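Okay, so here's the structure we're looking at.
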Amino acid sequence: MKFLNKNYNELEEFAQSKKDEYVKGSPFPHLVIDNFFNDSILNNILNEFPKDLDNIGYQYKTKVEQKKFTLNDSKLLSENTSNFINFLNSQIFLDFLQNLTGIDEKLQSDPYLQGGGLHELRNDGYLNIHADFNFHPTLKLDRRLNILIYLNKDWDDSFGGNLQLWDKDMTKCKKKIIPIFNRMVIFST
């Protein structure tokens, strides 16, 4: 599978080896995996990342989000990005997620990329503490998982902008995850 780092070609075996770690993740089920994907694929996506998300995408301007841009219109994504997202929505990857998470109900991908696609948080922007939506407005299904794949090169912890996992009451940060290139975070919503 060209999308994966060759060290992860045995997806089912890897999922089984990490299932306990995912399920017991604190403050809620999650897993951080570095270098899971083929670097050249992610480099192509980064090189083709739209420079004009403010014109072709959507900008969030809420109390929770500032200077955050997204693009989830598959017609506007590059071919490399579309192919990669199609892999993430494939039965192969869904089976991997099913095995990793232990979710009993059959997972379904989101062809609408609701909350998915490309995201960019600009300098001085922020995404405040929040709980992700858990009911898909179009598919009318429970949204069970969130997957973040970072494309940030040369990231320094002093930049801030870490992903923070907070307790259920959103009163205390339990874990900080640095958003470095080719880091994937999978978590239950």
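On a predicted model such as this, the values are computed, not experimentally measured, just so you know. One is the number of the first residue; the rest follow in order along the sequence.
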List, one per line, each side-chain donor-acceptor pair under 3.5 Å for residues 171-179, sequence neighbours excluded.
| residue | atom | partner | partner atom | Å |
| --- | --- | --- | --- | --- |
| Thr171 | OG1 | Asp167 | OD1 | 3.4 |
| Thr171 | OG1 | Asp167 | OD2 | 2.8 |
| Lys175 | NZ | His30 | NE2 | 3.0 |

Please find the pair of heavy atoms, one from [X] and one from [Y], that lie closest to each other, and give the distance.
X      : Y     : value
His119 : Phe49 : O-CZ, 3.7 Å
Gly57  : Leu71 : CA-CD1, 4.1 Å
Leu113 : Asn72 : O-ND2, 3.1 Å
Ile186 : Leu97 : CD1-CD2, 3.9 Å

[atom1] ([X]) with more than 12 external heavy atoms under 6.0 Å:
X     : atom1 : result
Gln16 : CD    : yes
Asn7  : CG    : yes
Lys51 : NZ    : yes

Discussion item. Can you classify the ring geometry of Phe93 versus Phe36 as parallel (below 30°), tilted (30 to 60°) or perpendicular (above 60°)?
Written reply: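 Ring orientation, 0 to 90° scale: perpendicular.
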Worksheet item: Phe3 vs Phe84 aromatic rings, parallel, tilted or perpendicular, using cut-offs 30° and 60°?
Response: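 The arrangement is tilted - the two ring planes meet at 30° to 60°.
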Fill in: side chain to side chain donor-acceptor pair (under 3.5 Å) involving Tyr150 - partner list, sequence neighbours excluded
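Tyr150 satisfies side chain to side chain donor-acceptor pair (under 3.5 Å) with no other residue.
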Exercise: do [X] and [Y] side chains pair donor with acceptor under 3.5 Å:
X     : Y      : answer
Gln91 : Asp95  : yes
Tyr22 : Ser188 : yes
Ser40 : Asn38  : yes
Asp34 : Asn182 : no

